[in-house]
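Below is one structure, written out as structure tokens, with a few remarks after it.
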Amino acid sequence: MARRMGLVRKPKDAKKTLRRILSYMGKFKWQLSVVIVCIILSASANVAGNYLLKPVINDYIVPFIGQKDVDLSGFIRMLSMMAGIYLAGAFSTYLYQRMMLSISTKTLKNVRTDLFSAMQGLPIKFFDTHTHGELMSRFTNDTDSMREMVGQGIPQFISSFISVTGVFVMMVVLSPQLTVLVLLMLAIMLFVVKKVGGKSGFYFKKQAKALGEINGYIEEMIEGQKVVKVFSREERIKQDFDKLNAQLCHAATNAHSFANILMPIMGNLSYLHYALTAVAGGMLVISGGADLGTVGSFLQYTRSFSQPITQISQQFNSILTALAGAERIFAVIDEEPEPDSGTVTLVRAKRTADGDLIETEERTGLWAWKRPMPDGSANYIEVRGDVRFCDVTFGYEENKTVLKNISLYAEPGQKIAFVGSTGAGKTTITNLINRFYDVPDGKIMYDGIPITEIKKPDLRRSLSMVLQDAHLFTGTVRDNIRYGRLDATDEEVEKAARLANAHTFIMHLPQGYDTVLTGDGGNLSQGQRQLLSIARAAVADPPVLILDEATSSIDTRTEALIERGMDKLMAGRTVFVIAHRLSTVRNSNAIMVLENGKIIERGDHESLLKEKGKYYQLYTGLFELT
């Protein structure tokens, strides 16, 4: 499709990319060896079969003219030989195409596996700088173009090259004079292809642009249907759509017009070429410069000469496009994975009679940090949930500081709330606790251990987050809650749902906990999705809990109902809460008011109200959170 539409992307380093693709295909060496042999046999069979027309005509057909009671045994043997050669060529073609289908499918399977695995190891910053659509195109458009290249493009390119080379050599051998005529006609054909194909490519580019605009417009209008109807803008958007549709119609009409007339023109030029060659060949026969067998064989070669050249030019463009797509795929695979130099791990623990911590496989409800020592032993530190920021400065981009010299602490079991206007840096603090980003200045301590010394998977296992935008996966309600801890039993899943006050609405679903959710839980309300997200965090049973606007999508009545459950969930845990709804943070041990990346106020609810500062303004409605 990209080639037809004139969107031929060129790779930056075609040789390197091709070598890398071949390295994936190298796992199928013996199959590739058979494919190469079959391609050579297929191309050679066509060349050899056409050449046999010369002895058939000269040795059998011409001598038989006007003769009676001729011996046809030799003629039948020659025809049988030709049939055998063509059948061998056809079987070779079938065999290599069938094998290349298997090779290309398995090769792309390995490429997709490596691509998906590489993405799982990339830092959040990578996804911040690449759109979802851009990344999805690696799995769709780019892998599809690679499949066409591996399965069809490369084999056809090799086959066409061998055929053209063999046919040209045989044409020169049969008649150098007629070969000159062939080359002249070929130059005319290529000139026509360039001119007409160029026009077609120009309009296909315009069609691609117009198609992208109209698809984007349709998607935007479908998503915004409520807004359209609220403001009664149906007629306006229909007018705008008509304009875009007219542009697409004009570009598509011209693009396909030029594309569709190309083949008839080439077909007629091919027939003209064949007729001119036949006339010139007949004149050579009459003048004694050639025999009928030579001309007959040569005419057959002319029919099989221009088509492979056209295929080579087409495959060359598609291969370039595929190599450009492969470069984009390998660029993601080669991205630096999320760095992790931590050595401290999270393990289950229990106490001995002496009160010491030891590692265990049992579920004791007690966790410990396992810190390796230089002598090979390990030091165990109880996971308590003590989190401290020490003079932390951070920015997502250079010269754009989000947090400035932030220092704070959360003792085990405390509830710490962050409030402030949008962009003040509240969510950034929680992102840093998870090590979604590393801080360039300052230090973050977790139970007295710098979080850079803790392995990221273990650090994140000790935390649980409830985000503002609840994301649900395709699967049952039970599976979505169990995502917080995959080994959770059905009883533990139900207990977590009750804790989050989600059990009641779940039981009213068609299949209860076995109801299948699709489309990110589109068959649930936003509040119900958020309740499942809270239940997911509850079943994980972490020592530290982060609630990022966790109740923003829940109405006041539902919020009041789950507060008791949330209190149970937060009991004994360190909790970080981000909230615009200040009623949810009143019972926090400490409230941090952020502004422009700095903590400007801190204290509990009552003390901050007494100060009558920014928090007082926010709480009493004298200052908007925006």
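Computed from heavy atoms alone, side chains included, the values below leave out hydrogens, waters and symmetry copies.
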Looking at E492 and T489, would you say the former's side chain and the latter's main chain have a donor-acceptor pair under 3.5 Å? yes
N-O pairing of D490 and R482 below 4.0 Å: yes
Would you say R602's side chain and V593's backbone share a donor-acceptor pair under 3.5 angstrom? no
Below 4.5 Å, heavy atoms only, C-beta onward: do R351 and D356 meet side chain to side chain? no
Give, for atom OG1 of T427 and atom CE of M465, the distance between the pair rounded to the nearest 0.5 Å. 7.5 Å
Using 4.0 Å as the upper bound for N to carboxylate O, is an ion pair formed by K238 and D242? no
Please examine the side chains of Y615 and L609, heavy atoms only from C-beta on, and report whether any two atoms are closer than 4.5 Å. yes
With a distance cut-off below 6.0 Å to the six-membered ring centre and an angular limit of 45° from the axis, does K612 pair with Y616 as a cation-pi contact? yes
Check whether any side-chain heavy atom of D441 sits under 4.5 Å from a side-chain heavy atom of F394, and report yes or no. no
Using only atom types and a distance under 3.5 Å, with no angle test, would you say the side chain of T401 pairs donor to acceptor with the backbone of G395? no
Taking all non-hydrogen atoms of both residues, which atom of L323 and which atom of T17 are closest, and how far apart? O-CG2, 3.6 Å
Heavy-atom pair with the smallest gap, counting every atom of T515 and L509: OG1-CB, 3.4 Å
Do K415 and N587 have side-chain N/O donor and acceptor atoms under 3.5 Å apart? yes
Under 3.5 Å: donor-acceptor pair, side chain of E453, backbone of V344: no
Closest non-hydrogen atoms of A497 and I506, given as atom of the first, atom of the second and distance, are CB-CD1, 4.0 Å
Compare all side-chain heavy atoms of Q530 with those of V466 and state whether any distance is below 4.5 angstrom. yes
Would you kindly say whether T428 and N431 are connected by a side-chain donor-acceptor distance under 3.5 Å? no
Measuring from L463:CG to L459:CG, what's the distance to the nearest 0.5 Å? 5.0 Å
Could you go step by step and tell me if F505 and S525 meet the side-chain contact (heavy atoms from CB on, under 4.5 Å) rule? CA-CA 11 Å; F505 93 79; S525 70; over 6 Å; no
May I ask you to decide whether D128 forms a salt bridge with K125, counting only side-chain N to carboxylate O separations under 4.0 Å? no
Given T476 and D479, is the side-chain hydrogen bond (donor to acceptor under 3.5 Å, both in side chains) satisfied, shown in steps? CA-CA 5 Å; T476 65; D479 291 337; 3.0 Å; yes
Look up atom CD1 in I329 and atom CZ in R112, then write down how far apart they are to the nearest 0.5 Å. 9.0 Å
In Å and rounded to the nearest 0.5 Å, what is the CD to CZ distance from E335 to F330? 14.5 Å
Minimum-distance pair of heavy atoms, taken over all atoms of S464 and P542: CB-CG, 3.2 Å
Can you confirm whether the side chains of E359 and Y380 place a donor and an acceptor under 3.5 Å from each other? yes
For S377 and M373, indicate whether the former's side chain and the latter's backbone hold a donor-acceptor pair under 3.5 Å. no
Would you say that L408 contacts R388 through its side chain, given a criterion of any heavy-atom pair below 4.5 Å between the two side chains? no
Apply salt bridge (charged side-chain N to carboxylate O under 4.0 Å, His left out) to the pair E213 and K206, showing each step before the final yes or no. CA-CA 11 Å; E213 290 178 352; K206 295 189 69 173; over 6 Å; no
Residue pair A368 / L357: nearest heavy atoms and the distance that separates them: CB-CD1, 4.2 Å
Worked verdict on R371 versus D447 for salt bridge (charged side-chain N to carboxylate O under 4.0 Å, His left out): CA-CA 12 Å; R371 194 172 197 172; D447 291 328; over 6 Å; no
To the nearest 0.5 Å, what is the distance between OG on S407 and CD1 on I599? 7.5 Å
Has S588 got a side-chain atom pairing as donor or acceptor with A590's backbone, closer than 3.5 angstrom? no
Check D334 with R20, please: is the shortest side-chain N to carboxylate O separation under 4.0 Å? yes
For the pair E491 and K495, find out whether any cationic side-chain nitrogen is under 4.0 Å from an anionic carboxylate oxygen. no
Salt-bridge criterion met for D548 and K426 (N-O under 4.0 Å): no
Verify the neighbour count for atom CZ of F127: are there more than 12 heavy atoms of other residues, nucleotides or ligands below 6.0 Å? yes
Yes or no on side-chain contact (heavy atoms from CB on, under 4.5 Å) for D604 and N589, after CA distance, side-chain angles and deciding distance? CA-CA 6 Å; D604 60 22; N589 298 100; over 6 Å; no
Heavy-atom check, side chain of F473 versus side chain of Y483, under 4.5 Å: yes
Does some side-chain heavy atom of M445 sit less than 4.5 Å from a side-chain heavy atom of V387? no
Give the C-alpha distance, both sets of side-chain angles, the deciding distance and a yes or no for side-chain contact (heavy atoms from CB on, under 4.5 Å) between I218 and F241. CA-CA 8 Å; I218 293 171; F241 179 80; 3.7 Å; yes
What distance separates Y396 OH from Y437 OH, expressed to the nearest 0.5 Å? 5.5 Å
Would you say the side-chain atoms of Q414 and T574 include a donor-acceptor pair closer than 3.5 Å? no
For the pair D340 and K455, find out whether any cationic side-chain nitrogen is under 4.0 Å from an anionic carboxylate oxygen. no
Would you call D487 and R485 a salt bridge, using N to O less than 4.0 angstrom? yes
I would like to know whether I237 and V228 meet side-chain contact (heavy atoms from CB on, under 4.5 Å); could you show each step before the answer? CA-CA 8 Å; I237 68 170; V228 172; 3.8 Å; yes
Are E361 and R348 side-chain neighbours, meaning at least one heavy-atom pair lies under 4.5 Å? no
Check: G603 main-chain N/O paired with S607 side-chain donor or acceptor under 3.5 Å: no
When every non-hydrogen atom of D386 is compared with those of P412, the smallest separation belongs to OD2-CD, 3.7 Å
